[in-house]
Q: 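Below you'll find the structure I mean.
First the proteins, then the strands, lettered A, B, ... as listed; each starts at 1.
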There are 2 protein chains.
Amino acid sequence: MRTGRPRSFDRDKALEGAIAVFWEHGYDATSIALLTSALGIGAASLYAAFGDKRALFLESLDRYIRTYGAFTQRALAEEPNARDAVERLLREAAAAYTRPDRPRGCLLITAATNCSPQSADIAAHLRDLRAAGTRALEDKIAAAVRAGELPARTDAHALATFCSAVIQGMSA
Amino acid sequence: MRTGRPRSFDRDKALEGAIAVFWEHGYDATSIALLTSALGIGAASLYAAFGDKRALFLESLDRYIRTYGAFTQRALAEEPNARDAVERLLREAAAAYTRPDRPRGCLLITAATNCSPQSADIAAHLRDLRAAGTRALEDKIAAAVRAGELPARTDAHALATFCSAVIQGMSA
DNA sequence: TCACTTCTGTAACGATCGTTCGAGAAGTAC
DNA sequence: GTACTTCTCGAACGATCGTTACAGAAGTGA
């Protein structure tokens with residue numbers, strides 16, 4: 001059994017709250033004071049539970065991708081046809097980014113636009129994640145081209161990039 | 001003649017430099033220290049010439065719209081056909097947002113995403129400016145529909161919103 | 001009960017934020 | 001020359017940033 005004074009808050013609920021705050025304000029604009037007041041816990045507790053701000057953001061990001069943002073991977077994995085996958089992707093993105101009970105847009109897209117120079121690594125990390133998503137879409141399209149579902153002259157890279165741009169535009 | 005010690009720098013050049021810094025880092029992430037080092041001016045001189053940070057940003061924004069961002073209004077004003085206007089808009093936006101000698105994207109779109117709560121009015125102002133641009137596009141499309149250039153059932157609002165989303169996506 | 005461990009609230013750290021004050025520099029007007 | 005106005009440099013303001021030290025609270029194991 002774990003000894004010592006038990007934590008007075010639910011770590012998972014706090015993480016969920018942190019996701020909401022980061023989602024709404026981005027990384028830089030989310031201060032520790034904002035987090036502590038939103039989550040109702042002291043700064044020391046937050047640091048003891050999650051490390052520093054950067055680690056808390058990365059953990060929030062990881063959970064976000066596996067929950068709120070998972071529809072993108074599901075669309076690509078569950079739809080056998082590439083065209084259906086793209087259509088579902090766009091439809092679900094439009095729905096997900098405008099839900100009234102959640103912050104608007106996509107955490108990956110908006111969290112680190114215009115970040116300060118000292119958090120450039122966070123911005124780079126988010127850029128990599130977005131690029132990975134675009135590449136997954138490109139692979140799906142390229143596979144469909146090889147399978148004959150799409151015209152042979154389809155530029156998979158350009159099409160995937162365009163779809164990502166549309167999604168990023170919807171997010172804003 | 002204006003008496004007193006003359007200003008040691010070119011106000012217009014400084015404003016141009018401020019546009020570049022705001023364009024690259026956004027509003028919140030642009031600190032006064034960043035501006036003074038980029039422009040080679042002391043903080044007091046900057047305040048004497050432009051007021052405070054907010055006023056400097058608004059003046060930079062005004063000048064940006066009339067120079068770098070003017071292609072949008074030109075496309076709508078100079079192209080008689082709505083379809084040509086939209087095509088030109090998209091092409092010129094793609095070119096303008098990827099010029100290697102300038103920061104990427106659009107200042108209006110990226111400057112105040114994820115801003116801190118105390119600069120929410122700046123974000124609201126930028127939102128209004130973007131909305132005005134979308135409305136101008138919508139008016140152009142609606143006029144084309146009335147003139148018979150586009151199908152009568154065209155949803156001008158939806159189409160204009162979609163084009164704006166694509167442009168905003170290209171900016172990111 | 002008593003040691004031990006872990007968490008919590010408070011207060012503070014140095015750094016940076018936007019902004020301003022004061023002394024001196026650099027001009028014009030007389 | 002002197003008076004006057006304006007700008008420039010450096011230091012400093014209070015506020016906030018992310019982060020941590022410290023003392024006490026609240027548990028477990030004996």
Side-chain angles (χ1 to χ4, degrees), chain A residues 1-15 17-18 21-22 24-61 111-112 114-123 125, chain B residues 1-15 17-18 21-22 24-61 111-112 114-123 125:
Chain A
M1 189 65 177
R2 185 171 178 79
T3 162
R5 177 174 177 176
R7 198 178 277 124
S8 67
F9 59 93
D10 185 331
R11 195 182 185 278
D12 264 22
K13 276 188 184 296
L15 185 57
V21 180
F22 280 127
E24 181 144 17
H25 298 96
Y27 179 71
D28 271 336
T30 296
S31 66
I32 300 293
L34 198 60
L35 283 168
T36 54
S37 76
L39 307 184
I41 55 180
S45 305
L46 196 150
Y47 275 82
F50 298 104
D52 58 1
K53 180 184 175 182
R54 184 190 147 86
L56 174 56
F57 177 74
L58 293 178
E59 193 172 341
S60 302
L61 193 58
N114 304 110
C115 65
S116 65
Q118 70 247 28
S119 57
D121 55 333
I122 296 280
H125 184 219
Chain B
M1 190 62 175
R2 186 172 178 78
T3 162
R5 178 174 176 177
R7 195 179 277 125
S8 67
F9 60 94
D10 185 330
R11 195 182 185 278
D12 263 24
K13 277 188 184 296
L15 185 58
V21 180
F22 280 127
E24 182 146 16
H25 298 97
Y27 178 72
D28 272 335
T30 296
S31 66
I32 301 293
L34 198 61
L35 283 167
T36 53
S37 75
L39 307 183
I41 321 175
S45 304
L46 196 150
Y47 275 81
F50 297 104
D52 58 1
K53 181 185 175 183
R54 186 189 143 88
L56 174 57
F57 177 74
L58 292 179
E59 192 171 343
S60 302
L61 193 59
N114 304 112
C115 64
S116 65
Q118 68 247 29
S119 57
D121 55 332
I122 296 279
H125 185 217

Q: Heavy atoms only, 4.0 Å cut-off, all strands: where does B:Ala44 land among base, sugar-phosphate and nothing?
A: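 It contacts base atoms.
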Q: Is the distance from OP1 or OP2 of D:dC7 to the nearest side-chain N or O of B:Ser45 less than 4.0 Å?
A: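 It does not, given that no N or O in the side chain of B:Ser45 lies less than 4.0 Å from OP1 or OP2 of D:dC7.
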Q: By nearest nucleotide on DNA chain D, pick out whichever of A:Arg2 and B:Gly4 is the more 5' one.
A: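 Nearest nucleotide further toward 5': that of B:Gly4.
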Q: So, do A:Leu15 and A:Leu56 sit near enough that their side-chain heavy atoms are less than 4.5 Å apart?
A: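 They are in side-chain contact.
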Q: Do the side-chain N or O atoms of A:Thr3 get closer than 4.0 angstrom to the phosphate oxygens (OP1, OP2) of C:dT6?
A: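 Answer no for this pair, as no side-chain N or O of A:Thr3 is under 4.0 Å from OP1 or OP2.
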Q: In whole Å, I'd like the distance from the OH atom of A:Tyr27 to the P atom of D:dC17.
A: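 About 14 Å, once rounded to whole Å.
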Q: Quick one: B:Arg11 CZ to D:dT6 C1', roughly how many Å, whole number?
A: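 Distance, rounded to whole Å: 15 Å.
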Q: Rounded to whole Å, please give me the gap between CZ in A:Arg5 and C1' in C:dT8.
A: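 Computing the A:Arg5:CZ to C:dT8:C1' distance gives 5 Å.
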Q: Nearest to the side chain of A:Pro6, heavy atoms from C-beta on, is which of D:dG27, C:dT19, C:dG27?
A: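 So the nucleotide nearest the side chain must be D:dG27.
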Q: For a quick test of reading the model: is some side-chain N or O of B:Ser8 closer than 4.0 Å to OP1 or OP2 of D:dC7?
A: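 For B:Ser8, the contact criterion (side-chain N or O under 4.0 Å from OP1 or OP2 of D:dC7) is not met.
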Q: Touch check for A:Thr36, heavy atoms < 4.0 angstrom, all strands: base, sugar-phosphate only, or nothing?
A: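 No contact.
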Q: Which distance, rounded to the nearest 0.5 Å, do you find between the CG of B:Leu39 and the OG of B:Ser45?
A: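 If I round to the nearest 0.5 Å, the distance is 11.0 Å.
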Q: Looking at the side chain of A:Ala33, which of D:dC17, D:dT8, C:dT6 is the nearest nucleotide?
A: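 The closest nucleotide is D:dC17.
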Q: Looking at every strand, decide which applies to A:Thr30 at a 4.0 Å heavy-atom threshold: base, sugar-phosphate, or nothing.
A: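 Answer is sugar-phosphate: A:Thr30 comes under 4.0 Å of backbone atoms only.
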